[in-house]
Amino acid sequence: MSNTNSVVTELLTAFPQGCTQMYFKSSLTALSHAMEDQVLASDTEDEQPLIIASFQKERFYRQEAHRYGRIGTLSPHVYVLAAPETEFSSISDVYEKIAFTEDDALSHEWHLVIIGKNYATCLICREKTHLPKTKASEMAMDNSRRFEGIWTFDRQVSQKAAEILLHRIASYRPELKKKINQALKLYCQSIPDQSNVRQFDVFDSPMINPDPFVQRLITYLQAGQYKLIKANRFLSVKEKKERLLNSVTDAIRRSLNPQEILQVAVDKLGEGMGVCRCLIYRCQETDLNAKINHEFLNDKIKSIKGKTWPLKNNPLFQEVLDVRESISIDDVTIDSRIQDHSSALSKLITSCSIISWLMVPILYQGKLLGMMELHHCDAIPITWKPEDIALVDAIATQVGVALIQAESYANLENLNEQLEALDRTRSNLVAITGHELRTPLSTIQVCLESLANEPEMSEELRQVMLTTALHDAERMRKLVQDFLTLSQLEGGTVEWNCEPLSLEECIDLSLSHIRSRQDQSVIPTIKNLVIDELPLVQADGEWLVEVLTKLLDNACKFTDGSGQVTIQVQEIDEDTLQITIADNGRGIEPEKLDQVFDRFYQEEGALRRSAGGTGLGLAICRQIVKNWGGKIWAQSEGKNLGSKFHFTLPKFDASSINTNRNKKNSHLSSQESLK
Ligand code: ADP
């Protein structure tokens, strides 16, 4: 039954002068098809050739089964061999099927023998090596399988090949012995006169016109070549994309800084996809707008970096939120979503010259972290291919993970800072109990003991003792209160209520606090130089008034009654206001300008406090201003040359002017009730 001898070897033993040649699988397919077509195209009335085709495995035969169904009708002597995998079995059908065993040498060989009256040809090959296959490269690998063997139109060689194969068929299908003997007699013994024919020449047969065969062969070879090119192109595109995904992932994983991650991702993605503009911005589902901070740009395209990008009024953004996946528009001029040419979206498209648009959400566990946008701005629209969209989706997933990692790291750092702050607070509490609280407490104790133990004490002295004890008790209360406030601010336990506010009203409120607390005859003149019609600011009103009051309080404390304190506001950029409280009082030495914001810093030392105070006021101000992302700093020309304290405040976002105006009105009424 099974025969482990190669048909190629057997044939070469019979014809030692024959030499083999190397064939790629694509060439063998083309050759076999051309040979089979030769049979299908011939005049079969009196032809009835012998055809033996040996496929390595059933799966290769299956691709050709239909073709052999047609060939089988042309002659009674058509034999197809294969190693069965599912349905293939030894059976007499339109043609004879011969199932050989897996261990037969035939399972590594590829044979096709055709012997007609007028021509004979054979292709007898053996597979060279089995290359390992991977899914991605299967198509290209399959085509690069190599075979070694003989292709000839030599009748003698073809007859010998037929004879070898017919014997193998007989061993697998003994019941066909009679038919095989007939075939051997018919096709392998009657050798026409070949005296003037050279051995082993491809076009040895004088009766065959090679032209149609060559035409067919070329067609099949070209088809094979085309398949190969297509497979190569597919692989190189796939490889390029995999490289892009890897390089983005690699680059963003190197950073724990969200801004850096977004910039690297936008640059690599924009360049890798070859788009005109690529944007990445952070946003949440309820945001009205987003600010474009990260942009990749092709030279000639208009930049929109720093601009406000509409989200709430952008139907495309809303659609992404609904479907929770990417949306793509090949051509904005014909897309049904953008038919209203007077809409804000149409205007946006025109102003940014967008033609083809891809929006990909950056999601993490279903939560929106941001958006990636790819714009094509050339006159000719492009088609977003599913594999391109899948690639950008994969990059968005990586960016999402990187952002979450970076945020977790920042939270951890923040938590560490809070822990450190708590630790500092604890140490300070020990220090404060030791130094700051013990002094007034001792005074109170001495006063109260004297009052209790000396009944003879004069009424006047008794009054002095009581006033001193009360004064120090009040100092302790303020100290404890400021200390608790600072602890809350540093520990992050304060609940902030930021809203659009009128700065003028906050200034008025803190001025009235100052005036009610201090004796008007001893405080300097306070000049409010703030112009009317300031833009609204975005802050927590209670804490803003706290900062203003503390700075005004200090300015009054450290300036003579004959001096002057001024309040001024200026716009330093389109998003920020700067508030300055200046005095012409005691001033601060230049090297102390930063230290004044440290806890318990007092120029004259805590024990000689002529102006009172706790030494915590400016530390509290610094924490409050930090919360709204502002800066606070002191300026002074030196001792007795006055001081200026500046801090910055964000303006309320001017782009949503309508919402703003409404809020301003409602805020004004709430401020009225506050007064
Ligand atoms: P306190 O005023 O309760 O001592 P602060 O933290 O408010 O505590 O101020 C810290 C120190 O900074 C003050 O003790 C003072 O030495 C200095 N300082 C603050 N404001 C002024 C000012 N306007 N002029 C001069 N020195 C000032």
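In this structure the side chain of Phe317 reaches within 4.5 angstrom of the side chain of Met359, judged on heavy atoms. Counting only heavy atoms from C-beta outward, the side chains of His111 and Leu165 approach each other to under 4.5 Å. Within the 4.5 Å cutoff, the side chain of Ser356 has no heavy atoms near those of the Ile329 side chain. With contacts defined as side-chain heavy-atom distances shorter than 4.5 Å, the pair Val39/Leu74 qualifies. At a threshold of 4.5 Å between non-hydrogen side-chain atoms, the residues Glu373 and Leu358 do not count as touching. Contact of the Lys238 side chain with the Glu242 side chain is registered, since non-hydrogen atoms from C-beta on lie closer than 4.5 Å. Looking at heavy atoms from C-beta onward, Leu245 lies in side-chain contact with Leu391 at the 4.5 angstrom threshold. Residues Asp330 and Trp357 fail the side-chain proximity criterion, which asks for heavy atoms closer than 4.5 Å.
Under a 3.5 Å cut-off, the side chain of Gln339 and the backbone N or O of Asp335 do form a donor-acceptor pair. With Ser107 contributing its side chain and Asp103 its backbone, the two residues share no donor-acceptor pair below 3.5 Å. Remark: the backbone N or O of Met273 is not paired with any side-chain donor or acceptor of Lys241 at under 3.5 angstrom. Under the 3.5 Å distance criterion, the side-chain polar atoms of Ser75 are left unmatched by any main-chain donor or acceptor of Val78. Not a single donor-acceptor pair under 3.5 Å links the side chain of Glu109 to the backbone N or O of Glu127. Looking at Lys291, its side chain never comes within 3.5 Å of a backbone N or O of Tyr281 through a donor-acceptor pair. Judged by distance alone, with hydrogens and angles left aside, the side-chain atoms of Thr397 form a donor-acceptor pair with the main-chain N or O of Asp393 at under 3.5 Å. Without hydrogens or angle criteria, Asn298 side chain to Ile301 main chain gives no donor-acceptor distance under 3.5 Å. Checked by atom type and distance alone, the side chain of Arg277 never pairs as donor or acceptor with a backbone atom of Cys377 at under 3.5 Å. In this structure, Asp104 contributes its side chain and Thr101 its backbone to no donor-acceptor pair below 3.5 Å.
At a cut-off of 3.5 Å, with distance as the only test, a side-chain donor of Gln398 or Arg253 sits close to an acceptor on the other residue. A donor-acceptor pair shorter than 3.5 Å cannot be found between the side chains of Tyr220 and Ser27. When only modelled atom types and interatomic distance are considered, Arg173 and Ser92 share a side-chain donor-acceptor pair under 3.5 Å. For the residue pair His77 / Glu96, no side-chain donor-acceptor distance below 3.5 Å is found, with atom types taken as modelled. Neither side chain, Trp384 nor Ser326, offers a donor N or O lying under 3.5 Å from an acceptor on the other. Under 3.5 Å, the side chains of Glu64 and His66 contain no donor-acceptor pair of N or O atoms. For Asn257 and Ser255, the side-chain atoms include no donor-acceptor pair closer than 3.5 Å. Gln21 and Trp151 share no side-chain donor-acceptor pair at under 3.5 Å.
Around CD1 of Ile229, the count of heavy atoms belonging to other residues, nucleotides or ligands within 6.0 Å exceeds 12. Counting non-hydrogen atoms of neighbouring residues, nucleotides and ligands closer than 6.0 angstrom, the CD atom of Gln284 reaches no more than 12 such neighbours.
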task = Test ring pair (Phe, Tyr, Trp, His ring centres under 6.0 Å) on Phe153 and Tyr119 and set out the steps.
result = CA-CA 7 Å; Phe153 279 81; Tyr119 67 93; 7.4 Å; no
task = For Glu295 and Lys307, run salt bridge (charged side-chain N to carboxylate O under 4.0 Å, His left out): C-alpha distance rounded to whole Å, both residues' side-chain angles, the deciding distance at 0.1 Å, then the answer.
result = CA-CA 11 Å; Glu295 178 189 52; Lys307 296 270 182 283; over 6 Å; no
query = After noting the C-alpha distance and the side-chain angles of Leu262 and Arg282, does the key distance pass the side chain to side chain contact (heavy atoms under 4.5 Å, CB included) rule?
reply = CA-CA 9 Å; Leu262 297 179; Arg282 297 295 308 262; 3.8 Å; yes
ask   = Could you walk me through whether Ile52 and Leu50 pass the side chain to side chain contact (heavy atoms under 4.5 Å, CB included) check?
value = CA-CA 7 Å; Ile52 308 173; Leu50 163 73; 4.0 Å; yes
task = Go through the steps for Ile114 and Cys122 under the test side chain to side chain contact (heavy atoms under 4.5 Å, CB included), then give the verdict.
result = CA-CA 6 Å; Ile114 300 169; Cys122 74; over 6 Å; no
key: Worked check of side chain to side chain contact (heavy atoms under 4.5 Å, CB included) between Val360 and Leu374   = CA-CA 9 Å; Val360 177; Leu374 271 61; 6.0 Å; no
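Shown here for Leu256 and Pro258, the closest heavy-atom pair between the two residues is O-CD, 3.5 Å. Considering every non-hydrogen atom in both Cys283 and Asp287, the closest pair reads CA-OD2, 3.5 Å. Between Ser54 and Phe100, the shortest heavy-atom contact is OG-CE2, 3.9 Å. Counting all heavy atoms, side chain and backbone alike, Arg146 lies closest to Phe24 at CG-CE2, 3.4 Å. Here the closest heavy-atom approach between residue Glu58 and residue Glu87 is recorded as OE2-N, 2.9 Å. Shown here for Ser158 and Val113, the closest heavy-atom pair between the two residues is O-CG1, 3.6 Å.
Only one option out of Phe60, Trp110, Tyr68 pairs with Phe55 in a ring pair (Phe, Tyr, Trp, His ring centres under 6.0 Å); it is Tyr68. A side chain to side chain contact (heavy atoms under 4.5 Å, CB included) with Ile280 is found for one member of Ile395, Val264, Val266, Asn293 and no other, namely Val266.
Atoms CD1 and NE2, on Ile261 and His294 in that order, are 10.0 Å from each other to the nearest 0.5 Å. The CD1 atom of Ile180 lies 5.0 Å from the CG atom of Leu176; values are rounded to the nearest 0.5 Å. Going from atom CD1 of Ile327 over to atom CG of Leu321 covers 9.5 Å, rounded to the nearest 0.5 Å. Distance CG/Asn181 to NZ/Lys179: 13.0 Å, rounded to 0.5 Å. Here the OH atom belonging to Tyr364 is positioned 9.5 Å from the CG atom belonging to Leu369, to the nearest 0.5 angstrom. Rounded to the nearest 0.5 Å, atoms CZ (Arg126) and CG (Leu106) are 12.0 Å apart.
Remark: Asp37 engages Arg67 in a salt bridge, criterion side-chain N to carboxylate O under 4.0 Å. Residues Arg168 and Glu10 are paired through a salt bridge, judged by an N-O separation under 4.0 Å between the basic side chain and the carboxylate. The existence of a salt bridge linking Glu85 and Arg59 is confirmed by a sub-4.0 Å separation between a basic side-chain nitrogen and an acidic carboxylate oxygen. A salt bridge links Glu319 to Arg337: one of the charged nitrogens lies within less than 4.0 Å of a carboxylate oxygen.
Among pairs with a residue in residues 254-271, those fulfilling salt bridge (Lys or Arg N to Asp or Glu O under 4.0 Å) read Asp250-Arg254, at least two apart in sequence or across chains.
No close placement of the Tyr79 and Tyr95 rings is indicated, their centers lying 6.0 Å or farther apart.
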